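Written out below as structure tokens is the structure these notes cover.
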Number of protein chains: 2
Amino acid sequence: MNWQSYIERYENELLNRIIPFWEEHCVDKEFGGYFTSLDRDGSVYDTEKYMWMQWRIVYMFAKFSVAYGGNDKWMAIAKQGYDFLTSHGKSPEGGYYFALNRQGVPSMAPYNIFSDCFAAMGAAAMFKATGEEKYRTEANSAMRNYIARMDNPKGRWEKGMSGKPRRLSHGQFMMLANLAFEMRECLGSHEYDESAEEAVKAVTSRFWNPDMRILFENINPEGSAFDLDSCEGRMINPGHGLESMWFMLQHAEQKGDKELIVRATDIIKGIMDFGTDKKYGGIFYFMDALHKPHLELQWDMKLWWPHCEAIIALVFAYRLTNEQYFLDKFLEIDDWTWEHFRDPEYPEWYAYLNRRGEVTHSLKGGKWKTFFHLPRMLFMAAKQMKLMK
Amino acid sequence: MNWQSYIERYENELLNRIIPFWEEHCVDKEFGGYFTSLDRDGSVYDTEKYMWMQWRIVYMFAKFSVAYGGNDKWMAIAKQGYDFLTSHGKSPEGGYYFALNRQGVPSMAPYNIFSDCFAAMGAAAMFKATGEEKYRTEANSAMRNYIARMDNPKGRWEKGMSGKPRRLSHGQFMMLANLAFEMRECLGSHEYDESAEEAVKAVTSRFWNPDMRILFENINPEGSAFDLDSCEGRMINPGHGLESMWFMLQHAEQKGDKELIVRATDIIKGIMDFGTDKKYGGIFYFMDALHKPHLELQWDMKLWWPHCEAIIALVFAYRLTNEQYFLDKFLEIDDWTWEHFRDPEYPEWYAYLNRRGEVTHSLKGGKWKTFFHLPRMLFMAAKQMKLMK
């Protein structure tokens with residue numbers, strides 16, 4: 001396997017087509033923060049400032065600044081976003097709002113735990129890039145807030161009542177594992193090691209059904225974990241699972257935990273076998289564990305991010321195991337992803353395709369797509385490839 | 001135009017394929033209320049009891065019982081649902097929960113104004129069918145609750161904050177107009193006539209942009225009504241608009257308001273011209289007024305209900321105007337709808353198709369589809385056709 005041409009393709013895309021797109025179009029020079037609702041050519045089609053999207057830009061530019069040996073322009077972009085978000089984005093109770101309007105006035109309440117999650121990641125990356133104490137303080141504050149909210153993530157905006165079964169959510173645990181890893185990497189902190197251990201254990205044992213070979217999104221906290229009688233219980237999110245598994249591989253490699261590598265790579269196989277569209281290629285957005293009807297209308301669409309997560313998981317798993325299965329699947333998904341999501345005319349990739357792989361939305365960024373999954377994938381995949389050269 | 005064969009096709013479908021499917025599969029004989037998550041063959045794939053879906057079954061069976069000269073079986077189905085919903089569905093503050101679990105324990109908070117809306121319609125239809133005072137009391141109570149909540153429909157579950165522009169929502173006004181009409185029809189009540197007048201005026205003048213010939217979903221309450229700079233402001237829902245317009249035609253005909261007929265049928269033309277898919281046929285789910293990217297992933301899907309609403313609006317408009325445009329469009333949409341949504345093997349129709357018109361979900365009922373849009377369309381369209389015979 002000659003990885004050099006892959007590395008060049010991935011890094012060239014990142015450095016010459018993805019980063020420049022966001023450098024040029026995302027900065028709101030008038031009010032601070034970022035535009036993320038960017039159409040095909042980078043034009044702004046909405047100015048709402050969604051917290052997840054904003055903090056992920058801070059994180060990514062700070063990360064790349066470190067990875068590529070310091071870059072003043074990138075740090076300036078990250079810093080102006082950080083300043084905007086910390087001055088306008090925090091509610092009196094401490095959590096981050098879900099969204100601000102263009103001027104920075106809160107427009108959506110802090111009902112979502114992942115606003116804190118991405119604030120923690122962004123602030124931690126800023127600390128790593130600068131060493132300035134205020135960033136560490138902010139990262140720890142947001143991280144502790146995330147952990148404190150895990151039991152009741154929506155707080156007073158929770159609509160669920162006593163008749164709704166209490167569930168554990170895979171997303172919360174996988175992000176806790178990822179956050180703890182980032183806090184170790186960026187802050188050198190071991191404060192969250194125990195949380196990470198629990199999260200890794202939960203994800204790889206409780207959410208994984210070894211008989212069905214399926215990773216579930218919602219499980220019962222007590223008794224039999226898997227509820228096959230409800231849509232919520234049967235809900236599968238292959239992209240989430242693949243993202244989760246490369247988070248597990250990061251922990252496994254850092255700790256030299258070979259059993260965890262075996263376990264996580266086996267789960268990757270399960271997800272790929274279940275989640276791949278045998279008819280049109282690519283990976284489904286949502287699935288039902290028993291192939292019953294899915295509540296989500298867009299279940300069969302192909303989204304950029306599950307494909308990005310698949311590429312990282314597969315190339316990571318291949319490097320750690322050297323199993324042909326992962327190389328074959330990587331080649332298949334790399335091919336499908338680059339062919340269908342990449343826009344040959346304008347930089348940045350499409351987000352949404354129908355099941356056949358045809359583009360349904362011209363946007364390059366929006367309420368749910370920002371400078372994050374794609375650049376992280378290009379960077380992480382190239383990093384794995386370099387280690388195999 | 002020979003309407004007889006159309007009338008037979010519509011009524012045969014309603015009486016021999018749609019009503020029997022729900023009679024057979026929707027009643028929860030153990031706990032009361034209804035199953036609405038029904039797969040292609042009527043098998044239950046989830047037991048959650050969503051209030052909108054439940055009350056619409058009460059409404060529809062009570063309505064048909066009156067329309068077809070009294071039917072004890074249908075009334076028994078409606079009554080057992082009514083009893084279940086009124087004993088379990090009401091929150092201490094008076095509003096209806098969004099959902100109950102199978103046993104009737106509240107599972108989703110009463111955050112949604114349309115739970116009250118459909119409770120009012122269901123109870124009013126029960127009064128019309130039985131003349132029993134308790135149903136009228138319940139209908140008026142739910143109706144007054146709907147009106148009282150219109151200014152702050154989500155109450156304490158509202159996530160929007162001061163940075164979010166206040167908007168008027170077309171859906172609220174169109175349903176107010178429809179509810180007031182139902183209250184007159186079922187209760188003989190004129191209590192809501194003034195509300196209806198205001199709603200009709202708002203829908204046909206404030207939400208309609210005559211220059212763009214587009215009916216908007218969200219408008220500014222003051223100043224320039226149309227915000228073309230945000231996704232929310234540009235959001236168009238053709239099916240909603242068509243449903244709204246036949247509600248307007250009901251009012252217009254009842255009052256003998258010829259100007260309103262001209263206005264509403266002109267708006268129908270605008271919606272059809274903008275909302276029809278010129279490539280694959282059928283009507284889009286969501287659109288952007290300027291064809292910018294849509295926030296909703298499933299914007300280009302074809303759903304059963306906008307097609308049902310289109311059929312009613314077009315046949316109604318044709319009867320009132322005798323314009324060829326409406327007959328041509330009716331024939332086109334009737335053809336596309338019956339060909340793509342109808343399941344030739346099992347009774348009841350599919351809900352969700354992709355843009356090409358291919359079935360994406362096997363379900364016949366779910367969280368958003370119940371015994372409502374399709375049977376109402378078959379009934380209402382046949383009624384209009386009979387008036388033209």
Side-chain angles (χ1 to χ4, degrees), chain A residues 37 39-40 43-49 97-112 156-165 229-232 234 285 288 290-301 303 351-352 354-356 358 360-364 366-368, chain B residues 37 39-40 43-49 97-112 156-165 229-232 234 285 288 290-301 303 351-352 354-356 358 360-364 366-368:
Chain A
S37 293
D39 210 345
R40 189 179 178 194
S43 58
V44 176
Y45 63 87
D46 194 291
T47 57
E48 192 76 359
K49 288 171 177 166
Y97 297 110
F98 186 74
L100 310 175
N101 71 7
R102 186 177 173 191
Q103 290 74 23
V105 183
S107 57
M108 289 286 275
Y111 71 91
N112 191 295
R156 70 181 179 85
W157 294 276
E158 176 59 58
K159 293 175 195 155
M161 300 184 67
S162 61
K164 187 178 157 69
D229 292 327
S230 74
C231 291
E232 189 182 70
R234 292 190 304 268
Y285 185 19
D288 182 283
L290 298 179
H291 299 289
K292 290 186 188 251
H294 210 291
L295 280 189
E296 300 284 342
L297 273 63
Q298 66 274 28
W299 75 271
D300 70 350
M301 287 179 73
L303 275 66
Y352 304 122
N354 65 19
R355 184 173 172 186
R356 280 181 170 81
E358 297 160 339
T360 58
H361 294 63
S362 57
L363 66 85
K364 298 296 178 61
K367 185 176 179 180
W368 305 110
Chain B
S37 294
D39 209 346
R40 189 180 179 194
S43 58
V44 176
Y45 63 86
D46 193 291
T47 58
E48 192 76 357
K49 289 172 176 164
Y97 297 111
F98 186 75
L100 310 174
N101 71 7
R102 185 175 174 192
Q103 289 74 22
V105 184
S107 56
M108 289 285 275
Y111 70 92
N112 192 294
R156 70 179 181 86
W157 294 276
E158 176 60 58
K159 293 175 195 155
M161 299 184 67
S162 62
K164 187 177 157 70
D229 292 327
S230 73
C231 291
E232 188 181 70
R234 291 190 304 269
Y285 186 20
D288 182 285
L290 299 179
H291 298 291
K292 290 185 187 249
H294 210 291
L295 281 187
E296 301 283 343
L297 274 63
Q298 67 274 30
W299 75 271
D300 70 350
M301 287 180 72
L303 275 66
Y352 304 123
N354 64 18
R355 184 172 172 186
R356 280 180 170 82
E358 296 160 341
T360 59
H361 294 64
S362 58
L363 65 85
K364 299 294 178 64
K367 185 176 179 180
W368 305 109

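Each chain gets a letter, A, B and so on, in the order its sequence line appears, and its residues count up from 1. Remember, it's a predicted structure, so these values are computed and weren't measured experimentally.
One finds the NE2 atom of A:His361 at 5.0 Å from the CG atom of B:Leu297 (value rounded to the nearest 0.5 Å). Summarising the geometry, atom CE belonging to A:Met161 is positioned 4.5 Å from atom OH belonging to B:Tyr97; distances are rounded to the nearest 0.5 Å. Note that the CG atom of B:Asp300 and the CE atom of A:Met301 stand 6.5 Å from one another [nearest 0.5 Å].
Looking at A:Asn354, the atoms closer than 4.5 Å to chain B (heavy atoms on both sides) all sit in the side chain, from C-beta outward. For a residue to count as touching a neighbouring chain, one of its non-hydrogen atoms must lie under 4.5 Å from one of that chain's; by this rule B:Gln103 does not touch chain A. Contact of A:Glu48 with chain B is not made at all, since no heavy-atom distance falls under 4.5 Å. Contact annotation for A:Phe98: neither backbone nor side-chain heavy atoms come within less than 4.5 Å of a heavy atom of chain B. Heavy atoms of A:Arg234 lying under 4.5 Å from chain B belong exclusively to its side chain. For a residue to count as touching a neighbouring chain, one of its non-hydrogen atoms must lie under 4.5 Å from one of that chain's; by this rule A:Leu303 touches chain B with the side chain only. Of the two parts of B:Trp299, only the side chain, counted from C-beta on, holds a non-hydrogen atom closer than 4.5 Å to a non-hydrogen atom of chain A. Proximity to chain A (any heavy atom under 4.5 Å) is restricted, for B:Glu158, to the backbone atoms N, CA, C and O. When heavy atoms are compared at a cutoff of 4.5 Å, B:Leu100 does not approach chain A at all. Heavy atoms of A:Met108 lying under 4.5 Å from chain B belong to its backbone as well as its side chain.
With chain A as the partner, the residue from B:Thr360, B:Val44, B:Asp288 showing the most heavy-atom pairs under 4.5 Å is B:Thr360. Chain B forms more heavy-atom pairs under 4.5 Å with one residue of A:Ala99, A:Pro106, A:Ser37, A:Gly160 than with any other, namely A:Pro106. Ranked by heavy-atom pairs under 4.5 Å with chain B, the first of A:Arg102, A:His294, A:Arg156 is A:His294. By number of non-hydrogen pairs under 4.5 angstrom with chain A, the leading residue of B:Trp157, B:Tyr111, B:Tyr285 is B:Tyr111.
For A:Asp46 (side chain) and B:Ser230 (main-chain N/O), no donor-acceptor pair under 3.5 Å exists by modelled atom type.
In terms of heavy-atom proximity, B:Ser107 sits nearest to A:Gly163 at CB-C, 3.6 Å.
B:Arg356 has a carboxylate O that lies under 4.0 Å from a charged side-chain N of A:Glu358, or vice versa, which qualifies the two as a salt bridge.
A cation-pi arrangement is absent between A:Lys292 and B:Tyr45, since the terminal nitrogen or guanidinium carbon is not both under 6.0 Å from the aromatic centre and inside a 45° cone about the axis.
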